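This report concerns only the one structure given below.
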2 protein chains.
Amino acid sequence: MLTERQLLILRAIIDDYIQTAQPVGSRTLSKRGDLSFSSATIRNDMADLEDMGLIEKPHTSAGRIPSEVGYRYYVDHLVEKKIIDERETYRLGEHLRASAQESAVLIRQAADLLSDLTNYTTVALGPNSQMNRLARIDLMPLDERRGVVLIVTDQGHVEHRTVVFESPMAPDMVEETIRFLNDRLKGTPLGQLKFRIGEEISKLQLAHQEQYENMMQLIQSTAGLHHPTSLYLGGKKNIFNQPEFQSLDTLRPFLEWIDEQERLTDWLESLPNREIYVSIGSENGIVALQNCSVITSDYTLDGKTFGTIAMIGPTRMDYRHGVQMMGQLIEALRRTKLEE
Amino acid sequence: MLTERQLLILRAIIDDYIQTAQPVGSRTLSKRGDLSFSSATIRNDMADLEDMGLIEKPHTSAGRIPSEVGYRYYVDHLVEKKIIDERETYRLGEHLRASAQESAVLIRQAADLLSDLTNYTTVALGPNSQMNRLARIDLMPLDERRGVVLIVTDQGHVEHRTVVFESPMAPDMVEETIRFLNDRLKGTPLGQLKFRIGEEISKLQLAHQEQYENMMQLIQSTAGLHHPTSLYLGGKKNIFNQPEFQSLDTLRPFLEWIDEQERLTDWLESLPNREIYVSIGSENGIVALQNCSVITSDYTLDGKTFGTIAMIGPTRMDYRHGVQMMGQLIEALRRTKLEE
DNA sequence: ATTAGCACTCATATTTAACGAGTGCTAATC
DNA sequence: GATTAGCACTCGTTAAATATGAGTGCTAAT
């Protein structure tokens, strides 16, 4: 168990290190206004903290830096998670409302905002359209053999794809098929759409069955497409300002990893948490993100479950500020009405 | 005017430097199999080439490197532009055909391919939808007050946007408006759509004129939206392997510039050229791309004019290989049939 | 017109020395 | 018993000193 003073010292070390990115020594601390102990006393406590694995030294004659365990302790015990500053939340909300309407735009805005607020890189994952329900499906002929399949969900999300028919399609047949599908499938979650279309095909007992099947298979293939959940990266260039990313050896893996959209999406979707969660350093298990910490949270927009947003910074990130900003932002998003 | 030998030497210097990224000295050259002159002779010619501004030395005791003027000479006189290797073109075509169908996918594929082939970064701009003609416009109601405006072009390009009505819209009125717009505007180039809708509004002489106008204004605002020409970046990480981008000072401006999608789009669209064009070093006039050269070309897909593709590498890029690969690729694209 | 020879230049790498922030321990002090 | 002053020691960082060598320009010989 930590003594009162050790706690103070641990906190001071972390706060200092977060700001300066330099190992902090006992003398520096004892000269701080709020720590009125001699450097020797601090040194003794530091030795204890080090024994407990909370801090470490890069080398013999350097100051101490927090260990991952130390950050974990700091985040778990020393960071208040749910302090909502009403005025600030309102301010953020105003910022977002300005662009409003289109949810995709709004989410970008939110990611950029969070990025500006914290100077870290943010990743926002839009609504997982798999949960959306079909509002309407359509097939618009372009010419004799090509058409565009459109899938619109109740949330206003649109997916489309150009398809090519093996043989020309009669307009009235197309129309009939589309009407048929709309009648049967309205309200179906997108994730199940492909399967449901398959079901409907098997029920068909119409004339020209072959041609219908053919068309519907094309539509089905569209429905099963790699669900293109919208992903947005904000403040990528912020990373350049972090002292720990001033060398190519650290910068390169980060940038290469962050640019791989698909991997990034999978990763964000794999995070199980609903509320704000902090992953420190190697905890995230990703080699390229060894020296990074991530604050993630699911968010809701206008009350509806929506997506995931993440903030990525160096392990030495400002957890308190980060967590608070994240909290404020998702609260602001929660309160943002879509229509208006 | 250059003597035969000077030409040989200039070419040798550039070829060498492109490969090694190191200044090349007279001794190195004289030991090459194909240059059988003494180092002193070569030094004399080098001095002449330097006087002409074709090469320069980083400092007194270093070898020579090509100047931008030198590269220009090299590209204009020493690089053959239109050698199409049928077998290679076919191979590329096969590569592309594998994914075929969706033009957007195909273009990504092409950019990635060019990037793999050359180890430079590529940027591909999809069809400029402003030239596409309207195939169909639609407004799908989501609920009482929201709807999705869909604009589909004859090329299968789709744009959409969620709009919010000030007051609830009667379904039959929506339907009527849409029918009206489709009747009048089919075939209109997207670039003129906004203007044309405005015209149609002014012609309206119907009952409930106000509500119609209201709806049409929403649709109009969609049509005039920031035309989201599809942009794709390929092989961004290739830049990390270029020796001239091993320092943050050079790397950072490049990455920051390349990540700014909108600027990038504008820039690509501003390039006036139809056929392969090489811009060397500061010629491109972009500060962040001072030390880069760009090979650009418009391309056609399946015969139809389509978009622009660019290849960005260090000024010391392999122009011959780059130009040739670019030529092969756009030829392969030209021959690629969309339907099938 | 070429080429061998040579003195000179200058970026880069290597070595050496000085510096100083910070530590751990011991003994004095409160 | 807890705190602090004092001091020897460690070790990364910086700066100066030195060595290296690739490459040049010029001159004189071929």
Side-chain angles (χ1 to χ4, degrees), chain A residues 1-10 12-14 16-17 19-67 70 243-244 246-247 249, chain B residues 1-10 12-14 16-17 19-32 34-67 70 243-244 246-247 249-250:
Chain A
M1 208 36 220
L2 294 181
T3 69
E4 188 78 12
R5 197 178 55 205
Q6 284 170 339
L7 209 68
L8 238 62
I9 291 175
L10 176 61
I13 290 174
I14 298 183
D16 221 71
Y17 185 66
Q19 259 213 304
T20 65
Q22 295 297 324
V24 1
S26 52
R27 228 178 91 81
T28 318
L29 285 187
S30 84
K31 278 194 295 193
R32 268 174 64 137
D34 52 339
L35 278 301
S36 50
F37 320 103
S38 80
S39 65
T41 309
I42 292 174
R43 272 202 293 284
N44 288 333
D45 279 338
M46 276 176 157
D48 291 344
L49 289 170
E50 188 170 358
D51 287 343
M52 291 184 258
L54 293 167
I55 57 177
E56 53 197 15
K57 39 184 179 203
H59 60 265
T60 325
S61 71
R64 301 304 212 291
I65 61 174
S67 69
E244 31 273 277
Q246 294 302 307
S247 106
D249 299 333
Chain B
M1 206 38 217
L2 295 182
T3 69
E4 189 78 11
R5 195 177 57 204
Q6 285 170 338
L7 209 68
L8 239 60
I9 292 174
L10 176 61
I13 290 174
I14 298 184
D16 222 72
Y17 185 66
Q19 259 212 303
T20 65
Q22 296 297 325
V24 2
S26 54
R27 230 179 88 82
T28 318
L29 285 186
S30 85
K31 278 195 295 193
R32 269 174 63 136
D34 51 338
L35 278 302
S36 50
F37 318 105
S38 81
S39 63
T41 309
I42 292 175
R43 274 203 293 283
N44 288 331
D45 279 338
M46 276 175 158
D48 292 343
L49 288 170
E50 189 170 357
D51 287 341
M52 290 182 255
L54 293 168
I55 56 177
E56 54 198 25
K57 40 184 178 205
H59 61 264
T60 325
S61 70
R64 300 306 210 293
I65 62 174
S67 70
E244 31 272 278
Q246 294 301 307
S247 108
D249 298 333
T250 50

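Just so it is clear, the structure is predicted and the values come from calculations on it, not from any experiment. Chain letters run A, B, ... following the sequence lines, proteins first, then strands; residues in each count from 1.
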For A:Ser38, what residues pass the side chain to side chain donor-acceptor pair (under 3.5 Å) criterion, not counting sequence neighbours? A:Thr41
D:dT3, C:dT23, D:dT24: which one has an atom nearest the side-chain heavy atoms of A:Arg5? D:dT3
Could you list by number each residue of residues 28-39 of chain A showing a heavy-atom separation from DNA chain D of less than 4.0 Å, or answer none if no residue does? A:Phe37, A:Ser38
Which nucleotides of DNA chain D pair, in dot-bracket form (Watson-Crick or G-U under 3.5 Å, | meaning another strand): ||||||||||||||||||||||||||||||
Within this structure, what is the CZ-to-C1' distance between A:Arg27 and D:dG6, rounded to whole angstrom? 14 Å
Can you tell me how far C1' of D:dA22 sits from CD1 of B:Ile42, to the nearest Å? 15 Å
Check residues 46-53 of chain A and write down every donor-acceptor pair under 3.5 Å in which the side-chain atom is one partner and the other belongs to a residue at least two apart or another chain.
| unit_1 | atom_1 | unit_2 | atom_2 | d |
| --- | --- | --- | --- | --- |
| A:Asp48 | OD2 | A:Gln6 | NE2 | 3.3 |
| A:Glu50 | OE1 | A:Arg64 | NE | 3.0 |
| A:Glu50 | OE1 | A:Arg64 | NH2 | 2.8 |

A:Gln246 atom CD, neighbour heavy-atom count above 12 within 6.0 Å: yes
Considering only residues two or more places apart or on different chains, which pairs with a residue in residues 22-32 of chain A satisfy side-chain hydrogen bond (donor to acceptor under 3.5 Å, both in side chains)? A:Asp16-A:Arg32, A:Ser26-A:Arg43, A:Arg32-A:Asp34
To the nearest Å, how far apart are A:Gln6 CD and D:dA2 P? 12 Å
Euclidean distance, atom CD of residue A:Glu4 to atom P of D:dT3 [Å, nearest integer]: 13 Å
B:Ile55 has an atom CD1; how far is it from atom C1' of D:dT24, in whole Å? 12 Å
Nearest-Å distance, CG (B:Asp45) to P (D:dG23)? 18 Å
For residues A:Ile9 and A:Ile55, determine if any side-chain heavy atom of one lies less than 4.5 Å from a side-chain heavy atom of the other. no
Tell me every residue that passes salt bridge (Lys or Arg N to Asp or Glu O under 4.0 Å) with B:Glu244, counting only those two or more places apart in sequence or in another chain. B:Arg316
For B:Ile14 and B:Gly70, work out which heavy atoms get closest and say how close. CD1-O, 3.7 Å
Listed partners of B:Ile65 passing side-chain contact (heavy atoms from CB on, under 4.5 Å), at least two apart: B:Tyr17, B:Pro23, B:Glu56, B:Pro58
Could you check how far CD of A:Gln22 sits from C1' of C:dA21, rounded to whole Å? 11 Å
Interatomic distance, A:Ile65 CD1 vs C:dG22 C1' [rounded to whole Å]: 14 Å
Considering residues at least two apart in sequence or located in another chain, which fulfil the side-chain contact (heavy atoms from CB on, under 4.5 Å) criterion with B:Ser247? B:Asp249, B:Thr250
Contacts to DNA chain D from residues 57-64 of chain A, heavy-atom cutoff under 4.0 Å, which residues? A:His59, A:Thr60, A:Ser61
Can you sort out the partners of B:Asp45 under side chain to side chain donor-acceptor pair (under 3.5 Å), two or more places apart, ordered by chain and number? B:Arg5
Qualifying residue for side chain to side chain contact (heavy atoms under 4.5 Å, CB included) with A:Ile13, from A:Leu8, A:Ile42, A:Leu29: A:Leu29
In B/S/- notation (B base, S sugar-phosphate only, - none; protein heavy atoms under 4.0 Å), nucleotides 25-30 of chain C written 5' to 3' is B-----
